[in-house]
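A single structure is presented below for examination.
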Number of protein chains: 2
Amino acid sequence: MSTGSGTLSEVAATARVSEMTVSRVLRGKTNVSQKTRARVLEAVQSLGYVPNRMAAALASAKSMQLAVIIPSLRNIVFPELLAGITDTLEGAGYQAVIGVSEYSLKREAKLVAAMISWRPAGIIITNAYHHPDVVNLLTASPAPIVEVMELTRNPIDMCVGLNHRKAGAATATRLLKKGYRRFAYLGCDLEADKAAGKRFKGFLETITQGGGELVAKSTVDEPSSVALGRRHFADLLAQSPRIEAVYLSNDAVASGALMYCLAEGIPVPEKIAIASFSGLEIGQAMPLPLTTVRSPRYKMGCLSAQRVLDRLNGKKPPRVTDAGFELIEGATT
Amino acid sequence: MSTGSGTLSEVAATARVSEMTVSRVLRGKTNVSQKTRARVLEAVQSLGYVPNRMAAALASAKSMQLAVIIPSLRNIVFPELLAGITDTLEGAGYQAVIGVSEYSLKREAKLVAAMISWRPAGIIITNAYHHPDVVNLLTASPAPIVEVMELTRNPIDMCVGLNHRKAGAATATRLLKKGYRRFAYLGCDLEADKAAGKRFKGFLETITQGGGELVAKSTVDEPSSVALGRRHFADLLAQSPRIEAVYLSNDAVASGALMYCLAEGIPVPEKIAIASFSGLEIGQAMPLPLTTVRSPRYKMGCLSAQRVLDRLNGKKPPRVTDAGFELIEGATT
DNA sequence: ATGAAAGCGCTAACAA
DNA sequence: TTGTTAGCGCTTTCAT
């Protein structure tokens with residue numbers, strides 16, 4: 001391992017002080033004289049010494065790493081979540097170690113075990129539904145844990161998210177108010193994306209109660225993408241020619257659907273209205289901005305990291321944090 | 001830190017063997033009897049023991065973490081690169097620790113120091129131009145290092161990438177062959193995105209030599225995005241009404257430009273042709289697929305991780321790896 | 001096949 | 001203000 005960057009004792013020898021003094025200087029303790037501090041710093045410089053945090057973490061039982069587990073890197077919402085996390089951690093000197101489960105509960109379980117073996121200071125994990133082993137490991141872990149994205153009343157430790165059922169309901173209310181009554185749904189990742197399921201549930205409840213009707217439904221068990229939305233939108237329309245509005249599981253698929261309409265010259269929203277969920281940049285940059293619900297990914301990242309940091313600093317943050325959402329009135333409805 | 005997951009010695013006590021025997025079992029050494037092994041495994045199970053890799057890394061001077069430094073998470077090419085890295089590392093039992101520099105050389109320097117303090121087994125860092133401190137730290141580090149994305153003849157250690165100048169030249173050649181002569185360029189991130197600069201250089205050289213002409217150029221020193229492309233494309237067109245084809249720094253901006261044309265009813269490619277670089281999914285899902293050059297992000301991720309692993313396994317991988325690129329004939333030229 | 005001793009590089013706790 | 005002692009949890013090396 002030797003870094004080319006020596007050890008504390010080499011620095012100590014060079015500065016002719018004890019290791020403890022070097023340790024104190026490096027950790028910014030104040031009880032070191034100016035002279036000594038200068039001498040130590042000089043030695044550090046001249047040796048190009050970089051402290052070994054593994055050793056520090058082992059000795060102090062305090063790691064500066066946070067484990068973050070997400071389902072995918074290819075869906076831009078997760079990198080955005082990560083950005084919030086890393087931005088928040090950076091100021092506090094912590095680092096994120098990320099693991100990608102690829103939407104597999106088994107891989108998630110392996111990852112959690114691997115992460116815990118590094119004794120992270122905290123754990124941030126997406127979604128609220130996990131493998132039993134994961135629940136056991138996390139429950140046993142002394143590290144603060146945040147489940148992020150969905151809101152649960154019974155988090156393992158803490159949770160930060162939004163109410164997806166309400167987000168679906170809000171969209172439905174909006175569409176009903178606009179006069180739409182005959183709806184279709186196009187979803188993907190059904191197995192893995194429980195949150196999308198909750199949105200659809202809220203949507204369906206609301207349109208049903210409001211006198212609307214679900215006249216077509218198409219679900220695809222593949223990761224969502226623009227291309228997938230574009231491909232499957234046509235099939236959906238074919239199912240029932242009298243669809244007035246389509247609710248899609250997220251902006252990626254919805255953007256694909258809209259591109260299909262643009263390419264085929266189908267007038268939106270006159271012939272067919274489109275609404276979805278995410279609030280991605282791309283959806284708002286389309287010739288017609290999407291009607292959608294913005295989920296606060298970056299903010300949820302910041303909040304979840306902050307909850308962990310708060311706990312590490314001895315505070316008592318709330319178990320459940322509702323990050324909210326925002327309905328965006330686009331031109332597709 | 002105590003994990004709720006005990007220590008080796010607790011397991012050893014439970015199984016009534018020495019710590020060494022437990023260590024051997026856990027690391028899959030073969031010189032342990034079946035009986036003993038079974039007893040140890042049982043103890044591990046019953047205690048819910050998860051080994052402490054920090055201690056292992058310290059004792060063996062072998063970390064299982066790789067540092068990965070990227071400029072941003074919001075540009076999908078970097079998550080795709082990461083996906084290749086994590087997929088490749090996973091099988092070998094290594095983990096990626098990511099750092100995000102936000103396109104700042106200073107932040108990159110801080111990050112590299114922070115990373116090295118964890119004594120990673122290897123380092124993967126994007127781009128080929130770094131802060132002098134970074135070069136010093138990396139040069140001094142005993143860990144295998146890969147600079148990824150761009151091709152350099154003089155990597156600090158190894159590099160994996162593509163020749164951006166040639167990618168620009170290939171695009172130019174194609175456009176010249178199609179008969180375009182009056183070109184414009186729209187770029188962003190000029191300071192930070194050296195690779196885009198190289199592509200433009202190759203593009204400009206080639207059109208000039210081929211009888212073409214650069215009649216307009218617009219550069220924006222902001223991170224690229226679809227929205228930005230859409231906003232700035234109009235300005236560019238206004239600069240010179242006789243532009244025949246526009247080369248954009250990447251597919252995000254180009255998609256924005258194309259959306260502008262779709263929204264304004266400007267016929268592409270008849271009135272104006274569009275070409276760029278990346279090969280993003282979104283560009284190919286547009287009503288008109290973009291003419292672009294696909295950079296092999298995922299593959300470069302795999303390759304760079306593999307180079308590091310090879311070195312860790314005592315092999316002598318090549319210093320320079322050309323991952324190549326692929327010209328995509330879209331409908332926008 | 002198994003164990004004992006020593007130590008990785010650092011920090012906590014206690015002394016001086 | 002500075003130093004000493006002990007040990008974090010594991011692996012290496014050398015015995016047996």
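Here is how names work: the chains are called A, B, and so on, in the same order as the sequence lines, proteins then strands, and each is numbered from 1.
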Listed in order of residue number, which residues of residues 37-45 of chain A have a non-hydrogen atom at under 4.0 Å from DNA chain D? none
Note every stem involving DNA chain D: at least three consecutive Watson-Crick or G-U wobble pairs, i with j then i+1 with j-1, with both distances under 3.5 Å. C:1-16 with D:1-16
Pairs involving residues 68-88 of chain B, ordered by first then second residue, that meet side-chain hydrogen bond (donor to acceptor under 3.5 Å, both in side chains) (sequence neighbours left out): B:E80-B:R297, B:D87-B:Y298
Please determine whether a side-chain nitrogen or oxygen atom of B:S9 lies at a distance below 4.0 Å from atom OP1 or OP2 of D:dC10. no
Using the salt bridge (Lys or Arg N to Asp or Glu O under 4.0 Å) criterion, which residues pair with B:K316? Sequence neighbours excluded. none
Could you work out, with side chain to side chain contact (heavy atoms under 4.5 Å, CB included) as the rule, every residue matching B:D193, not counting sequence neighbours? B:D189, B:A195, B:A196, B:R199
Euclidean distance, atom CG of residue A:N52 to atom C1' of C:dG7 [Å, nearest integer]: 14 Å
How close or far is atom C1' of C:dG3 from atom CZ of B:R16, stated in whole angstroms? 16 Å
How many angstroms lie between CE in A:M300 and CG in A:D322, if you round to the nearest 0.5 Å? 10.0 Å
A:L47 CG to C:dG9 C1', straight-line distance once rounded to whole Å: 15 Å
Give every residue pair that meets the salt bridge (charged side-chain N to carboxylate O under 4.0 Å, His left out) criterion with at least one member in residues 103-118 of chain B, sequence neighbours excluded. A:E90-B:R107
Does the side chain of A:T7 get closer than 4.0 angstrom to OP1 or OP2 of C:dG9 through an N or O atom? no
Do any side-chain nitrogens or oxygens of B:S18 fall under 4.0 Å of OP1 or OP2 in C:dA4? no
For A:M54 and C:dG7, what is the distance between atoms CE and P respectively, to the nearest whole Å? 19 Å
Would you kindly say whether B:R27 and B:S23 are connected by a side-chain donor-acceptor distance under 3.5 Å? yes
Salt bridge (charged side-chain N to carboxylate O under 4.0 Å, His left out) pairs, two or more places apart, involving residues 13-25 of chain A: none
Quick one: is B:Y49 getting a side-chain N or O under 4.0 Å of the D:dG9 phosphate, OP1 or OP2? no
Protein heavy-atom contacts under 4.0 Å, written 5' to 3' over nucleotides 11-16 of chain D as B (base), S (sugar-phosphate only) or - (none), form the string BB----
Under the salt bridge (Lys or Arg N to Asp or Glu O under 4.0 Å) rule, collect the residues that match up with A:R39, sequence neighbours excluded. none
Residues forming a salt bridge (Lys or Arg N to Asp or Glu O under 4.0 Å) with B:R53, sequence neighbours excluded: none
A:N31 CG - C:dA12 C1' separation (whole Å): 13 Å
Has A:T21 got a side-chain N or O lying under 4.0 Å from the OP1 or OP2 atom of D:dT1? no
Rounded to whole angstroms, how far apart are CE on A:M64 and C1' on C:dC10? 15 Å
Consider the side chain of B:L58, meaning its heavy atoms from C-beta on, and name the nucleotide among D:dC10, C:dG9, C:dC10 that approaches it most closely. C:dG9
For atom CH2 of B:W118 and atom P of C:dC10, their distance in whole Å: 13 Å
Going by the salt bridge (charged side-chain N to carboxylate O under 4.0 Å, His left out) test, which pairs reach into residues 134-151 of chain A, not counting sequence neighbours? A:E150-A:K198
Between CZ of A:R119 and P of C:dT11 the distance, given in whole Å, is 19 Å
Are side-chain N/O atoms of A:S18 and A:T21 paired as donor and acceptor at under 3.5 Å? yes
Only counting residues at least two apart or in another chain, list the ones meeting side chain to side chain contact (heavy atoms under 4.5 Å, CB included) with B:A113. B:L137
